[in-house]
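Fair warning: this is a prediction, and the values are worked out from it, not measured in the lab. Note on naming: letters A, B, ... go to the chains in the order of the sequence lines (proteins, then strands), and numbering restarts at 1 for each one.
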Amino acid sequence: MFLQLKNITKRYPGVVALNNVSLDIHEGEVHALVGENGAGKSTLIKTCTGAIAPNEGTIVIKGQEFTSLTPKSSEQMGVGVIYQEFNLVDELTVAENIFLGRAIRKGFVIDQKAMEVEAAKIFKQFDIKINPRELVGNLTIGYQQLVEIAKAISQNAKLLIMDEPSAPLTQTEALALHAMVEKLKASGVTIVYISHRMDEIFKLCDRITVLRDGEKVSTINTSDTNLDDLVTLMVGRELTETYPDRKDCISDEILLEVNNLSGNGVNGINLKIRRGEVLGLAGLIGAGRTELAELLFGVKSKSGGSVTLHGNEIDPKLPKEAIGYGIALVPEDRKRLGALLDVTIRGNICISIIERISKFFTRDKKEEQRIAVHYKDAIRIKTPNLEQKIKNLSGGNQQKVIIAKWLATEPSLVIFDEPTRGIDVGAKSEIYALVNSLVEDGKAVLMISSEMEEVMGMSDRILVLREGRITGELDRNDFDQETIMGFASQN
Amino acid sequence: MDNSDTLNGAGKLASKYAKQFGIYIVLLALLVFFSIASENFLVSSNLLNVARQVSMMGIAAVGFSFVLLLGGIDLSVGSVITLVNIVAAYFMVNLGMPPFLAVIIALALSAALGFSNGWIIANINMPPIIVTLAMMIIIEGIAYLISGGLPIYGFAKSFAVIGQGYVGPIPIPVIIMVVIMGLGGFILNKTYFGRYFYAVGGNEEAAKLSGIDVKRVKYLVYTLSGFFAGVAGIVILSRTNSGQVLSGKGFEFDVLTACVLGGVSVTGGVGKISNVLAGVLILGVLSNGLVLLDISQFVQMVIKGTVLMLAVALDCLQNRKES
Amino acid sequence: MDNSDTLNGAGKLASKYAKQFGIYIVLLALLVFFSIASENFLVSSNLLNVARQVSMMGIAAVGFSFVLLLGGIDLSVGSVITLVNIVAAYFMVNLGMPPFLAVIIALALSAALGFSNGWIIANINMPPIIVTLAMMIIIEGIAYLISGGLPIYGFAKSFAVIGQGYVGPIPIPVIIMVVIMGLGGFILNKTYFGRYFYAVGGNEEAAKLSGIDVKRVKYLVYTLSGFFAGVAGIVILSRTNSGQVLSGKGFEFDVLTACVLGGVSVTGGVGKISNVLAGVLILGVLSNGLVLLDISQFVQMVIKGTVLMLAVALDCLQNRKES
Amino acid sequence: SGNKDNTDAGNDQIKIGMTVQDLSNPTWSGYCKAIQTKAEANGAKMSYVACESNVSKQIMQIENFVARGVDVIIVHPADPAGIENACKEAMSRGVKILAWDDDIENADVRWLIDNYDLGYQVGKEASNFINSKHGGTTEVAILNYPQLPVLLARGNGIRDSITKYAPNAKIIAETSAINPDEGITKMETIFQSNPDVKVVACIGGGGSIGANEAAKAAGKNAPDFGVFAVDATKPELDAIKNGEAVKMSMIVTGTDEDVATQVYGFVEKLATGVEVPARVYRNVIPVTAENVDKYYTANR
Ligand SMILES: Nc1ncnc2c1ncn2[C@@H]1O[C@H](COP(=O)(O)OP(=O)(O)OP(=O)(O)O)[C@@H](O)[C@H]1O
Ligand SMILES: Nc1ncnc2c1ncn2[C@@H]1O[C@H](COP(=O)(O)OP(=O)(O)OP(=O)(O)O)[C@@H](O)[C@H]1O
Ligand SMILES: [Mg+2]
Ligand SMILES: [Mg+2]
């Protein structure tokens with residue numbers, strides 16, 4: 001037994017994040033932690049690393065009992081961790097980040113060279129191409145995640161905790177990560193693995209612990225369960241199919257036409273979306289999908305080509321103008337780009353329309369309230385109170401609030417950029433249902449996703465991007481993972 | 001979860017009230033203390049005095065708290081006051097302009113200076129503290145250049161009304177302050193662009209993607225800050241009846257202190273005008289009360305610094321407990 | 001991808017050099033300009049003068065840039081200088097202490113004041129600008145209380161050496177500055193805790209979770225800021241031979257300006273000492289050169305403000321292009 | 001005036017409030033302290049504040065003194081025109097006003113000094129030195145402070161008088177210096193451009209002390225090098241005594257005690273309703289090596 005949690009309770013003002021949770025982690029196993037958004041997974045592992053102190057309960061590591069751990073002491077006990085939020089310092093080099101807090105030094109003086117050499121060794125071991133002297137801020141998200149992993153490995157951790165390590169990764173990068181996990185396991189490292197991606201849970205993990213609303217539901221052997229049962233344990237009810245059916249609602253009317261669009265890292269893009277259609281955009285990270293969305297939404301300006309909406313050529317210079325044309329963008333980074341965390345749910349839902357519904361600059365609060373209530377009910381945002389700040393909601397509900405904000409603008413084209421990243425299975429299927437109802441309503445949807453299953457499950461048609469260009473187009477009947485990967489990574 | 005949320009709601013509410021009233025409790029405590037300690041304090045003429053004394057700060061604090069809400073700062077407030085003083089005085093005295101016209105021009109100038117701050121901050125992406133510091137130095141230099149360092153005085157009698165007149169027993173500067181604070185509260189709570197201040201201050205990137213023209217919000221906020229500073233400058237000019245190169249010196253720190261005492265966060269996104277008023281009044285009451293008690297000016301400095309430190313510390317500790 | 005990364009790397013490198021030298025190019029341009037415009041400028045004794053005049057600012061700028069790296073600010077720097085002036089003078093003159101002891105005590109005091117700033121900022125979680133503003137007001141009050149506003153002077157002859165002496169042709173303050181800047185550079189680049197400044201300034205949460213004692217880093221940085229301000233205060237005292245309540249007034253803004261000119265970001269995480277030196281020198285050369293050219297004081301203000309604005313704007317535009 | 005229903009023993013005690021421009025200036029902190037000492041010795045109560053040359057602040061201080069119920073306010077105006085109304089209001093509430101240095105309308109006594117004339121006297125002394133030591137031709141630097149109106153006038157007086165009485169002297173620099181540090185910095189720079197400068201005339205003691213230190217450091221501490229100034233602060237007197245560069249500093253009225261005696265005399269008369277002249281002019285005395293011992297006993 002490597003790690004034992006005994007009766008852990010963690011309370012935040014008004015929330016019991018963990019309620020009397022006990023858990024054993026066996027030496028050498030890969031142990032999955034699953035549950036809905038807000039179930040308490042991250043909180044639980046933070047108590048193991050000393051990032052937060054539980055209100056009650058004890059933690060036993062290798063037989064040694066702790067009531068108050070610190071990040072330092074857990075590290076000394078051989079616990080390494082990759083947190084859900086990035087914990088890198090952009091301003092420091094890769095090597096310095098890997099050795100942050102444990103710099104190789106002589107007296108007060110650090111030894112940069114030695115750290116670079118050590119870092120290079122780790123990268124070599126796992127076949128990663130990163131320059132240890134590069135500043136972390138200059139790396140893409142995928143590479144940053146690899147640095148995080150290298151950082152945890154460099155501690156020679158006996159227990160490695162990974163909180164949604166694959167969330168920011170594309171399929172290929174995720175596969176590399178899986179290989180790494182298996183290598184580590186083979187070398188005797190114990191692993192706790194948190195993920196919302198069910199496929200990797202079943203692929204990698206020996207045992208699974210399910211949390212729901214801060215309580216442990218059960219711990220089971222992977223071999224004793226299947227997807228449906230696990231999902232039922234997680235959400236506490238039976239879930240109908242993941243990708244709900246939708247009526248065939250594609251009309252002949254072309255809503256958006258893009259001709260030879262260039263700029264912001266994309267080149268010569270041609271595409272058409274019809275009313276009632278879900279067009280999927282697949283590709284690896286860095287393929288230029290978000291960049292394309294930014295051009296359409298007026299975040300960045302184009303350098304050439306044209307965009308036609310409803311038959312009129314448009315050239316939005318600001319998101320504000322794009323919204324005016326009836327375009328909406330649900331951005332990929334919810335916390336950084338989507339939510340006004342300190343503002344209420346109502347405020348968030350109404351922020352894009354308050355100007356429109358104001359009279360003589362003065363807000364119409366009744367109307368704001370009506371709209372907020374309407375969308376809360378329509379897409380079932382789980383909150384007793386619209387005056388809650390959005391930061392107090394779970395990830396899935398935050399995402400719904402942001403979608404509600406866009407629905408309130410009554411758009412004709414909705415762009416979803418990684419709409420279900422870090423969102424639990426239950427909330428996922430609700431968001432899919434929402435996408436369906438949008439297209440059934442005669443709107444068009446452009447859906448960017450790095451989850452292969454998701455693009456294939458939801459799209460009527462898929463465009464594949466690579467290095468800023470469209471490299472392939474597939475109709476629903478031709479959808480095939482291999483083909484798409486081929487387009488995305490061909491040379 | 002529903003249950004805990006309600007609990008949460010109730011706890012938040014209580015804590016919200018404590019927070020909302022916290023600053024008023026400090027103010028009340030000061031009022032009670034000085035009323036007991038000095039017989040000259042709780043006299044209507046003295047209280048009106050205090051109100052008049054703080055009114056300039058109160059006027060400028062409205063624009064300043066907008067800037068803080070946006071996560072910025074405006075160190076040029078004091079120098080704008082100075083320049084408005086000098087320019088309005090110059091126009092009235094040296095160019096013989098009627099007061100009304102001189103005031104309009106000076107206010108337009110102050111708004112333009114504020115706009116310049118906003119423009120540079122929004123377009124060059126420079127840190128507000130640097131932009132407004134540089135602006136402060138430049139504006140001060142210009143004020144000295146225009147006036148040659150000499151006071152400019154000898155205005156029409158009518159001009160003195162703004163700063164020295166009364167409506168009934170109420171000094172006109174106090175009325176101006178109340179109107180502008182009301183306007184500030186209205187902008188923040190009732191207009192859509194007031195909401196934008198919070199949104200941009202809370203998360204600029206998200207605000208932009210939500211369809212807010214962030215640059216325009218910045219132009220507006222810094223323009224308002226300049227403009228309200230200009231109004232304060234005109235009141236000061238009329239009150240002192242003489243254009244002075246030092247009239248605004250250091251004013252920005254008094255205003256910053258008042259806003260922060262009033263619970264406006266210097267990191268943006270949090271604050272409300274009604275509490276800023278309390279912050280302004282605390283500073284005024286302290287200044288007045290300590291003089292009434294005959295506390296030496298040096299000790300006064302120590303006390304004021306300590307009150308600022310303690311009041312904000314209290315606020316921070318409370319916030320920390322809350323989250 | 002590898003390919004574009006390399007390209008990216010090369011571009012970065014070029015731009016990095018441009019940035020690194022940018023500030024030196026400004027400095028060089030000023031040097032060339034003043035050398036041509038005034039025959040008295042490019043004279044070794046004048047250049048040594050400039051070096052001596054900026055040395056106090058340079059000394060204080062080391063601690064100040066640490067604070068900025070951490071994402072903080074230290075408005076109390078000027079007041080610490082003032083208090084160190086008054087206290088050291090008081091100990092030497094009124095208590096008859098030997099200079100050496102008085103200096104040690106005054107420096108310990110300055111470090112203690114810096115530590116207090118750090119402690120409050122780290123533990124109460126108050127915004128640095130408020131903590132150090134309140135501290136500034138309090139310290140100034142105390143300096144007035146000790147001295148009654150009167151200058152204190154009449155030190156032992158030996159004390160004058162620190163500020164007025166020479167080693168060969170080099171003024172001692174310049175040597176002190178060079179040593180402290182060297183020390184600052186060493187701390188930032190070579191020591192593990194120096195790297196912590198960047199880590200905490202860049203991402204405090206990450207630093208904390210990596211086992212860095214963030215509070216201790218804050219204590220250290222603010223203590224160093226106080227201490228170096230104290231050293232600057234001692235040099236000023238020895239140079240003027242008289243303890244004055246105004247000796248540090250407004251100094252923090254000169255130091256802030258120097259650091260920012262030297263490319264230290266006010267939002268934390270970015271900056272290096274060698275460029276701060278250039279920033280300090282630019283300010284010194286400007287002050288000296290403009291006087292040599294007999295430019296009026298008022299025009300000087302406008303020029304200085306404009307240089308600050310333009311230099312930082314350039315830096316920001318360059319950064320923006322880069323990203 | 002004030003609230004006389006006070007049950008304290010000293011209910012007839014005279015209460016005085018004094019507001020000056022700047023207490024960081026030793027001249028003013030010296031005067032204030034001396035007057036306070038004098039007042040307390042006579043059983044009166046006196047408190048003083050500085051407005052940092054900011055009129056609005058001074059108006060506020062006057063209002064607050066009135067609210068406190070003082071009998072007499074001594075005001076050293078940040079700006080004469082600016083405080084008229086506040087003084088008028090104070091007088092209408094029965095408070096007496098003593099205006100220091102400025103001839104304002106709303107005051108009971110005006111204790112006057114003509115800053116232009118004061119500067120003029122400094123210039124005259126400097127000119128005498130130029131004429132006797134340098135045959136009327138040398139280079140002269142003026143350390144002024146145009147940022148403050150009164151000092152601007154003083155600086156102008158210095159310049160005009162040197163131009164008149166030493167017409168062949170060359171004024172090679174006019175630059176501002178209010179405190180010793182600025183004085184040193186500016187003089188160092190001037191020594192660079194004009195190493196032959198022999199005379200420095202300053203609007204105040206801060207600049208002159210700085211110039212003195214700079215001259216010492218530059219090895220120019222000779223009998224033919226002269227610094228002339230106003231204020232007669234102790235460091236200046238020290239320098240005069242020790243035969244350093246400072247050769248003369250103007251003292252107004254006399255020592256701090258002299259000032260306090262005169263001022264408190266007016267205050268007592270005002271408070272007790274005794275007639276005082278509306279305008280009193282102060283005399284200016286140059287302090288040089290000859291008479292320095294007489295003033296050296298001053299407490300600052
Ligand atoms: N610092 C905090 N203050 C208040 N509440 C918190 C805090 N951190 C977490 N919570 C709450 O505790 C609960 C558990 O959160 P946690 O982050 O552990 O969920 P999770 O299972 O990791 O969810 P996800 O899958 O979205 O990452 C949530 O209700 C969350 O809102
Ligand atoms: N559109 C918005 N943008 C930013 N913040 C908002 C927005 N709407 C609401 N909020 C936040 O929600 C809180 C309450 O908002 P709002 O003022 O609309 O509510 P209210 O109940 O009508 O209150 P009041 O009567 O004080 O205006 C505010 O303090 C603000 O922080
Ligand atoms: Mg989590
Ligand atoms: Mg993307």
Side-chain angles (χ1 to χ4, degrees), chain B residues 73 75-76 79 116 120-121 123-149 245 249-250 253 256-257 259-261 265-267 296-317 319-320, chain C residues 73 75-76 79 116 120-121 123-149 245 250 253 256-257 259-261 265-267 296-317 319-320 323:
Chain B
I73 193 162
L75 295 184
S76 71
S79 63
S116 314
I120 297 171
I121 290 166
N123 289 288
I124 318 279
N125 222 356
M126 271 168 82
I129 191 169
I130 304 302
V131 173
T132 57
L133 174 65
M135 194 59 99
M136 170 183 109
I137 302 172
I138 296 173
I139 296 177
E140 252 179 49
I142 294 175
Y144 274 109
L145 279 175
I146 296 176
S147 69
V245 280
K249 189 95 192 165
F253 287 107
L256 169 64
T257 304
C259 290
V260 170
L261 277 179
S265 146
V266 291
T267 50
S296 113
Q297 186 162 22
F298 306 152
V299 179
Q300 282 186 37
M301 291 172 81
V302 177
I303 295 179
K304 279 185 195 169
T306 311
V307 167
L308 173 61
M309 191 79 94
L310 290 182
V312 180
L314 221 82
D315 201 40
C316 288
L317 289 175
N319 274 343
R320 199 167 50 170
Chain C
I73 193 163
L75 296 184
S76 70
S79 63
S116 315
I120 297 171
I121 290 166
N123 288 289
I124 318 279
N125 222 356
M126 271 168 81
I129 191 169
I130 305 302
V131 174
T132 57
L133 175 64
M135 194 58 100
M136 170 183 109
I137 303 172
I138 296 172
I139 296 177
E140 251 179 49
I142 294 175
Y144 271 104
L145 279 175
I146 295 177
S147 71
V245 279
F253 286 108
L256 170 65
T257 304
C259 290
V260 170
L261 277 179
S265 146
V266 291
T267 50
S296 110
Q297 180 83 15
F298 307 153
V299 178
Q300 281 187 36
M301 293 172 79
V302 176
I303 294 179
K304 280 185 193 169
T306 310
V307 167
L308 173 61
M309 190 79 96
L310 291 182
V312 180
L314 221 80
D315 201 39
C316 288
L317 288 175
N319 275 342
R320 199 167 53 172
S323 69

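- A 4.5 Å side-chain heavy-atom check between C/Pro127 and B/Ser265 finds every atom pair outside the cut-off.
- Between the CG atom of C/Leu133 and the CG atom of B/Leu256 there is a distance of 6.0 Å, given to the nearest 0.5 Å.
- For the set C/Val260, C/Leu75, C/Ile142, the entry with the most heavy-atom pairs within less than 4.5 Å of chain B is C/Val260.
- Of all heavy-atom pairs spanning C/Met126 and B/Cys316, the tightest one is CG-SG, 3.5 Å.
- Proximity to chain B (any heavy atom under 4.5 Å) is restricted, for C/Ile73, to the side chain, taken from C-beta onward.
- Closest approach of C/Gly305 to B/Ala134, counting heavy atoms only: O-CB, 3.6 Å.
- At a 4.5 Å heavy-atom cutoff, B/Val307 makes no contact with chain C through either its backbone or its side chain.
- For a residue to count as touching a neighbouring chain, one of its non-hydrogen atoms must lie under 4.5 Å from one of that chain's; by this rule B/Leu145 touches chain C with backbone and side chain alike.
- Closest approach of B/Ile120 to C/Met309, counting heavy atoms only: CD1-CE, 3.8 Å.
- A distance of 11.5 Å separates CE in B/Met135 from CG in C/Leu308, rounded to the nearest 0.5 Å.
- If you measure heavy-atom distances from B/Ile303 to chain C, you find no contacts under 4.5 Å at all.
- C/Tyr144 and B/Phe298 have parallel rings, their planes meeting at less than 30° on a 0 to 90° scale where 60° marks the start of perpendicular.
- Summarising the geometry, atom CE belonging to B/Met136 is positioned 7.5 Å from atom CE belonging to C/Met301; distances are rounded to the nearest 0.5 Å.
- Heavy atoms of B/Val266 lying under 4.5 Å from chain C belong exclusively to its side chain.
- Neither the backbone nor the side chain of B/Ile139 comes within less than 4.5 Å of any heavy atom of chain C.
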